[in-house]
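Note sheet for the following structure.
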Amino acid sequence: MTSDTDTDETWENLIENFKPRLRELISVNRVLDYIDFMKPAQKEQIRQKARTDGDIAAADLLINVVITKPHNTGWFNVFVDALLNSGCVHAADYMQGNLPEPEVEAENDYCVLLIRLLSPSLVKMKTQEVCVHCLAQELINPEDSERITAEIRNNGSISGARELLSIIVRGRPGWFSKFLQILRETEHKHLYELTGDLYEGANTKSEKLPVSSEPSQQPGETDSTSLPLFCLSDPLLCITDGANPAAAARGPESNDIVLRDYQEEVARPALEGKNIIICLPTGSGKTRVAVYITKKHLDGRRAEGQSGKVVVLVNKIPLVEQHYSAEFLPFLRSSYKVERVSGDSQLKISFTEIVKKNDVIICTAQILENYLERSNSGEDEGVNLSDLTLIVIDECHHTQKGGVYNHIMMRYLKQKHKNRRLMKEQKEPVPLPQILGLTASPGVGGATKMEKAEEHILRICANLDASKIMTRSLGEHKKEPRKITLTVEDRKADPFGDVIKKIMNAIHAHADLSPTCDLGSQNYEQWVVQKERIAATEENQKVRVCADHLRQYSEGLNLSNTIRMRDAFGFLKKYHEEELKRKTSPDDDQNIKITVTERFLFNLFEENKEELQRLADIPQYENDSLSKLRGKILQEFSSREEARGIIFTKTRRSAIALSQWIQENPKFADIGVKAAYVIGGGDQSVVKPMTSAEQKDVLKKFGNGDINLLIATTVAEEGLDIPACNFVIRYGLVTNEIAMIQAKGRGRAEDSSYTLVEVKNSGVVEKECVNEYRTKMMDKAIDKIRALNQADYDKRIIEFQFQAIMEEKVRMTKKKQKDMNENPSEVKFSCRGCSKHVCTGEDIQIIENMHRVNVTTQFSELFIRRENAALQERLLDYETNELIACKDCGQKWGSMMVHRGIECPCLHVKNFVVTFNGKKISKCTKWSELAVRFSAFDYAEHANRVVDSSDDEETA
């Protein structure tokens with residue numbers, strides 16, 4: 001007799017096997033309505049995932065929760081019933097064993113792909129009329145019809161059409177012929193003929209799906225390079241970023257690469273097999289040149305009977321998908337296997353296998369570095385530089401200062417110099433790949449003299465082993481935007497800022513602090529951060545907590561000079577609400593101490609809250625920068641036939657607030673402004689980061705015109721393929737000359753403008769002048785380097801390479817000496833909020849060389865747990881969905897991580913005061929700054945302890 005456990009495993013395996021289909025066929029929100037064995041918190045987490053990352057990502061999470069043990073009795077039947085009742089009948093068929101024949105499934109997949117590719121035309125249908133016919137033909141149900149009608153009413157016919165298409169493609173095979181008939185009956189003759197002709201054409205030629213006919217598909221394998229068939233949640237399309245839908249529809253035929261004269265010229269040395277850097281402005285087609293060089297490289301090796309292996313390295317996750325979809329795949333897929341890998345990838349095989357099975361691999365640099373190190377350390381097979389024949393390094397100006405590009409190239413340089421010795425000894429050298437670097441600007445590295453600027457650029461050339469740096473005037477193709485600078489006047493009165501300063505001065509008096517710089521200035525920010533660090537190490541909680549609040553008020557003051565006062569007030573209000581919440585235990589039985597100083601700070605804000613809110617709503621006190629920005633946006637959109645622009649701003653918070661300000665202002669809506677923001681994906685900021693899926697979604701909408709004004713932090717300055725804009729505004733943000741060149745390069749359209757808007761205390765006008773000077777110096781330095789005869793150039797490059805290798809040896813020697821002295825028992829951690837001793841380094845273990853956890857019983861008694869929706873995410877082997885905080889003071893310590901079914905409190909070192917060898921460390925914000933090797937987490941041992949503990953509880 002089969003046990004319940006065996007049956008459960010059978011259902012789990014069935015769901016796991018059909019997961020790729022289910023994730024594309026499930027309508028998440030509707031299925032959740034019919035599942036009763038999930039906790040409300042789990043359902044909300046999945047719904048949030050759908051809102052932020054789309055239905056496919058949410059379906060992944062839903063499936064993972066469904067198959068997670070322990071199971072309720074009858075859970076599988078409930079899941080299948082939920083699929084049926086929610087209208088996901090095709091998904092239910094797979095669960096009930098009603099599988100379509102392979103040829104029927106393949107034809108259905110082709111129909112879905114066809115709808116996706118033709119969607120830009122199909123969304124122009126008479127949606128309401130088509131919806132009525134679809135309901136009559138049972139392609140949709142009454143609930144679907146209501147949702148589509150509501151979408152039409154709220155967001156227009158096109159949005160409703162997207163919703164309709166996303167529903168019908170999830171139906172059982174056979175829906176396509178009914179849909180064609182409906183198009184004919186509703187007099188959509190053009191759409192019917194377009195869709196029907198392509199379908200008939202494919203069938204008469206007995207063609208298979210384009211995605212399954214690629215040379216990259218091996219017998220019995222799924223095509224990991226193909227796009228998902230059902231990327232139909234908001235937005236509907238899954239066409240590649242920046243790619244032309246017609247070109248995407250052509251598929252493998254898009255393999256003719258035509259270069260302009262200047263592109264051919266800069267590519268020439270690379271086609272001869274030389275290592276070079278290509279330096280061309282943003283928007284001049286550097287990546288297209290790299291694709292051309294890659295193809296010629298692979299073609300050449302194939303002609304000689306040799307295999308080629310190309311790795312394209314990028315420094316940001318969104319660039320992986322962008323280079324793959326918009327550049328390398330369309331031009332190379334007909335002849336070569338192309339794959340992409342990043343930290344966001346959910347591929348089931350190792351990177352080593354991906355490298356073996358593909359000709360071109362686009363990946364983040366850290367992944368390659370990790371596998372080079374694995375091979376070097378003998379941990380496993382890993383990847384060797386000798387396995388590769390060409391490495392393309394995007395944004396190669398980052399190959400310096402110990403960055404990951406530099407780690408990879410240091411391995412290369414060491415082997416290159418070993419090869420010289422091997423050849424002298426008449427031994428076979430280790431083959432090394434050709435190197436191709438791409439950049440819009442190498443910069444000058446902060447140089448003030450020409451000599452130092454040359455040295456900076458030569459060092460980058462040396463690090464990349466480049467025989468030349470290739471650059472060229474774009475001639476008639478050059479597009480230089482008009483530059484405008486808008487200066488601002490000081491407010492005649494700033495009562496909102498005055499109240500904030502009054503609060504700050506009261507805090508200074510309470511904590512006996514005497515700042516020597518202007519409140520809200522950059523110097524003040526640095527001063528208050530230093531005060532907080534010193535106070536934390538000295539266990540002076542009065543000054544530490546005051547400094548923390550002062551930093552927030554300083555930020556509020558700066559925000560009031562950048563965005564609306566009401567947004568600055570909202571930030572301060574939210575901060576205080578969260579601080580009060582931190583002092584409240586989720587379980588009422590636990591008292592969290594509120595000190596006299598904390599009570600003073602809470603009361604101080606409460607006493608001034610009403611006045612701040614009143615002042616924030618008086619328009620005449622708004623900053624002049626916002627007024628200038630408003631005028632500039634209105635001018636651009638009213639004077640251009642089709643305006644499309646980017647506003648660069650300093651912080652994530654200001655990007656979000658500016659986007660909201662524009663969306664709420666009817667004047668902008670009247671002239672057709674459709675704004676959205678794009679911010680970074682790192683979690684260093686207190687503002688919730690954007691996932692790569694969210695970034696991609698916004699950029700796609702910007703590309704197809706659904707959004708025409710992008711408000712971005714520096715994440716959009718470099719690399720991301722943002723379509724041609726006709727105006728760029730830098731709003732109180734100036735960094736270095738590299739960023740300036742890249743930002744200007746975003747204005748690629750004819751008659752584009754580049755505007756600098758001043759913001760109080762930002763010093764942007766002065767910084768911009770410095771950057772312009774540095775840019776001219778950089779251009780002259782590149783010209784001087786290119787004018788060197790090859791022998792002099794090579795001599796200087798070799799000198800810099802030897803210097804880099806020696807510096808690396810010194811660094812490694814120091815690191816080894818540090819490693820020899822490290823002892824976890826010498827490290828002690830105390831709470832940053834109340835100075836209570838928490839644990840020692842001996843209590844901490846490390847998971848996957850990344851996550852520091854403390855699973856001791858003693859530690860578990862020191863913290864409380866809080867839900868944190870912003871933190872909730874599900875990754876390959878672990879998930880995090882709760883915060884852990886000090887039981888006594890409420891100070892956040894880290895997050896509760898579930899690793900392969902086991903709860904592990906994961907510590908964030910920035911939340912502790914660290915004592916090492918009896919000395920307190922004032923600044924320790926990353927684990928990498930702590931030279932201690934913690935013991936590896938023993939999963940088996942801890943799992944046994946958990947099982948024993950649960951057995952004891954059951955017996956008791």
Side-chain angles (χ1 to χ4, degrees), residues 266 275-284 286 315 393-406 409-410 435-474 478 480-481 483 485 522 648 650 714 717-719 728 730 733-747 754 756 762-788 792-801 803-804 807:
V266 297
N275 294 352
I276 64 167
I277 294 172
I278 293 177
C279 179
L280 288 175
T282 300
S284 57
K286 291 184 297 299
N315 62 334
I393 301 181
D394 192 32
E395 308 296 350
C396 70
H397 53 271
H398 290 298
T399 315
Q400 54 173 321
K401 296 178 182 174
V404 63
Y405 283 164
N406 217 37
M409 285 309 302
M410 190 53 62
I435 304 294
L436 172 63
L438 308 174
T439 183
S441 163
V444 296
T448 55
K449 294 180 181 177
M450 179 63 70
E451 182 186 349
K452 290 294 181 184
E454 281 182 61
E455 186 178 306
H456 169 79
I457 297 168
L458 280 168
R459 280 185 187 277
I460 293 174
C461 292
N463 292 343
L464 288 159
D465 196 37
S467 63
K468 293 177 185 294
I469 179 167
M470 300 299 294
T471 187
R472 192 68 188 162
S473 167
L474 306 190
K478 187 172 183 179
E480 191 68 32
K483 183 168 181 183
T485 301
Q522 194 170 348
F648 288 106
K650 189 174 181 180
T714 52
E717 281 180 340
E718 184 174 281
V728 172
R730 284 176 77 81
L733 171 69
V734 172
T735 48
N736 58 26
E737 69 280 5
I738 296 174
M740 184 187 80
I741 291 167
Q742 288 168 332
K744 277 186 177 180
R746 295 299 171 201
Y754 172 82
L756 186 68
S762 66
V764 294
V765 177
E766 297 83 354
K767 289 176 187 173
E768 189 79 354
C769 290
V770 171
N771 286 340
E772 285 176 348
Y773 167 74
R774 285 176 175 170
T775 302
K776 289 173 185 173
M777 184 164 59
M778 180 191 76
D779 292 339
K780 288 178 182 176
I782 292 173
D783 289 343
K784 287 187 76 173
I785 290 168
R786 284 175 52 77
L788 288 170
D792 289 341
Y793 173 87
D794 290 344
K795 183 184 175 187
R796 295 193 69 181
I797 291 298
I798 289 169
E799 285 173 359
F800 282 127
Q801 287 180 347
Q803 185 181 339
E807 287 171 355

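When side chains are defined from C-beta on, Glu395 does not count as touching Leu438, because their heavy atoms never get closer than 4.5 Å. Counting heavy atoms from C-beta outward, Met470 and Cys279 have side chains that stay 4.5 Å or more apart. Side-chain atoms of Phe800 and Asn463, non-hydrogen and from C-beta on, never get closer than 4.5 Å to each other. Using a 4.5 Å cut-off on side-chain heavy atoms (C-beta onward), Met778 and Pro442 make contact. Using a 4.5 Å heavy-atom threshold, the side chains of Tyr754 and Arg730 count as touching. By the 4.5 Å heavy-atom criterion applied to side chains, Ile278 and Leu436 are counted as neighbours. You'll find the side chain of His398 stays beyond 4.5 Å of the side chain of Thr439, heavy atoms only. Between Lys452 and Val444, every side-chain heavy-atom pair lies at or beyond the 4.5 Å cut-off.
In terms of the side-chain hydrogen bond (donor to acceptor under 3.5 Å, both in side chains) criterion, Asp783 has no residue partners (sequence neighbours excluded). Remark: Glu807 pairs with Gln803 by the side-chain hydrogen bond (donor to acceptor under 3.5 Å, both in side chains) rule, at least two apart or across chains. In this structure, the salt bridge (charged side-chain N to carboxylate O under 4.0 Å, His left out) partners of Lys784, at least two apart in sequence or on a different chain, are Glu454.
In this structure, Cys396 SG and Asn315 CG are separated by 10.5 Å, a value rounded to the nearest 0.5 Å. Taking OG of Ser441 as the reference point, atom CG of Asp779 lies at 8.0 Å (rounded to 0.5 Å). Separation of atoms CD1 (Ile785) and CG (Asp792) is listed at 13.0 Å; rounding is to 0.5 Å. With rounding to the nearest 0.5 Å, the separation of CE in Met777 from OG1 in Thr448 is 6.5 Å. Distance CG/Asp794 to OG/Ser467: 7.5 Å, rounded to 0.5 Å.
A side-chain donor-acceptor contact under 3.5 Å links Gln801 and Asp465.
Counting all heavy atoms, side chain and backbone alike, Tyr405 lies closest to Asp394 at OH-O, 2.7 Å. Among all heavy-atom pairs drawn from Met409 and Thr399, the shortest one is CG-CG2, 3.9 Å.
Screening Ile276, Asn275, Ile277 against Cys461 for a side-chain contact (heavy atoms from CB on, under 4.5 Å) leaves a single residue, Ile277.
No donor-acceptor distance shorter than 3.5 angstrom exists from the side chain of Arg459 to the backbone of Gln400, with no hydrogens or angles considered.
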